[in-house]
Colleague: 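Got a structure for you, written out below as structure tokens; questions coming shortly.
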Amino acid sequence: MSAAKPPAVQSPMPFTAISTKQGLILILSTLTLLTFSYVSLSSLGSTLQPVYPPLTTTVSTVSTFKEDADLEDDSNRKSGEFSDVYHTPDVFRLNYAEMEKRFRVYIYPDGDPKTFYQTPRKLTGKYASEGYFFQNIRESRFRTEDPDQAHLFFIPISCHKMRGKGTSYENMTIIVQNYVDGLISKYPYWNRTLGADHFFVTCHDVGVRATEGLPFLVKNSIRAVCSPSYDVGFIPHKDIALPQVLQPFALPRGGNDIENRTTLGFWAGHRNSRIRVILARTWENDTELDISNNRINRATGHLVYQKRFYRTKFCICPGGSQVNSARIADSIHYGCIPVILSNYYDLPFNDILDWSKFSVILKEKDVYDLKQILKDISDEQFVTLHNNLVKVQKHFQWNTPPMPYDAFHMVMYDLWLRHSVIKY
């Protein structure tokens, strides 16, 4: 077959005559190449770096999106909002903007809202994160009534609500199984991915136990849980660690008050784990670490426990009956550097936030050297940790209605990342 005849050679087109369409394609190609190169280089630094979804902006919208992003970028840079507390600040900024524009979630309508479905019974206490998410998702822009437009499907069953009604673990498992089986038989969406684009939210560990009897749910679906324990099947690249937040907070947000923080370290609580027992026995009589052998009695004064956060530099956060603790969010809210004392804990938003920039992360064996480790942190390092802590406080606060970059939006961003990379 003869080669095709080449087109006639024309005189070169002046640079100024390049069409708008060609220019936009060039801009998009450059932006995409830079973004992917940035993510690839960042991922070389650590095997735990997050995988980010591609920016799928079309040529027809790239100019508008880029202008919006540039305006937002200028504003945020002036306020220092996007700093090195994030693993990759610019990628987070761009992907967050993309999430707000495009992300849609379908909520299954089935189930009697007076029993175990829909919003849990209250938005208070140490398991409030579950209730806030249920309420926030319904009042947010992410919800869609059209399942064909959904990126993910939310299974709205509240194990916290079951616990409030005194339901046994055995009956919880049966209720969850019957509910999910009903969704599978009634709708076609689960079977398209075997549940890989479905998720559920539970903060109390009873919710984790209630789903243990459904291996396909544990293996395939995204689980957003406050107890990210590996011994109950938590899968880090698939599942999400919810922040356990005790709301409403008893006192206002702390921070920018370094001169008032004269106590080196503080912890008080139940000795319901081995590490807490060791912590109390080792340091309860120390003069520089304020370590209590038990919870602070309310009879000693009004909000004595919370006020100690205000005057302490480092707040010790050992795991209790589970690896998670509401004390971490308390520490962040009151401006006290959290000291994570755990052999393993997939910290909330750890694929977005660089926890080493605003907390101290130790192994349980370090408890015996705790005081010296904290004293070895220089004043300059402490100031940096404290300033960074103030920057992330908004990420550990639930609001109704939800606000940009709060706990709800961070959870949604985690889900947004996973919807693009989780495949069955």
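We count residues from 1, following the sequence as given.
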Colleague: Looking at Asp369, is its backbone amide N or carbonyl O close enough to the side chain of Asp366 to form a donor-acceptor pair, meaning the two atoms are under 3.5 Å apart?
Modeller: no
Colleague: Ser378: what forms a side chain to side chain donor-acceptor pair (under 3.5 Å) with it, not counting sequence neighbours?
Modeller: Gln381
Colleague: Distance only, no hydrogens: is a donor on one side chain within 3.5 Å (strictly under) of an acceptor on the other, for Gln149 and Thr144?
Modeller: no
Colleague: Do Tyr413 and His395 have side-chain N/O donor and acceptor atoms under 3.5 Å apart?
Modeller: no
Colleague: Going through the distances and angles, do Tyr106 and Leu152 end up as a side-chain contact (heavy atoms from CB on, under 4.5 Å)?
Modeller: CA-CA 7 Å; Tyr106 179 75; Leu152 291 179; over 6 Å; no
Colleague: Under 3.5 Å, is there a donor on one side chain and an acceptor on the other for Ser342 and Glu364?
Modeller: no
Colleague: Can you give the donor-acceptor pairs under 3.5 Å from side chains of residues 309-316 to other protein atoms, not counting sequence neighbours?
Modeller:
{"residue": "Tyr310", "atom": "OH", "partner": "Pro252", "partner atom": "O", "Å": "2.5"}
{"residue": "Thr312", "atom": "OG1", "partner": "Arg308", "partner atom": "O", "Å": "2.6"}

Colleague: Using the six-membered ring wherever Trp is involved, compare the ring planes of Trp398 and Phe408 and label them parallel, tilted or perpendicular (cut-offs 30° and 60°).
Modeller: tilted
Colleague: Partners of Asn260 by side chain to side chain donor-acceptor pair (under 3.5 Å), sequence neighbours excluded?
Modeller: none
Colleague: Please check this pair: side chain of Lys394 against backbone of Asp406, looking for a donor-acceptor N/O pair closer than 3.5 Å.
Modeller: no
Colleague: Just by distance, no angles: are the side chains of Asp197 and Thr193 close enough, under 3.5 Å, to form a donor-acceptor pair?
Modeller: yes
Colleague: Check this for me, if you would: do Arg102 and Glu100 make a salt bridge, where the nitrogen-to-carboxylate-oxygen distance has to be below 4.0 angstrom?
Modeller: no
Colleague: Whether the side chain of Arg418 engages the backbone of Ile240 through a donor-acceptor N/O pair (distance < 3.5 Å, no angle test) should be reported.
Modeller: no
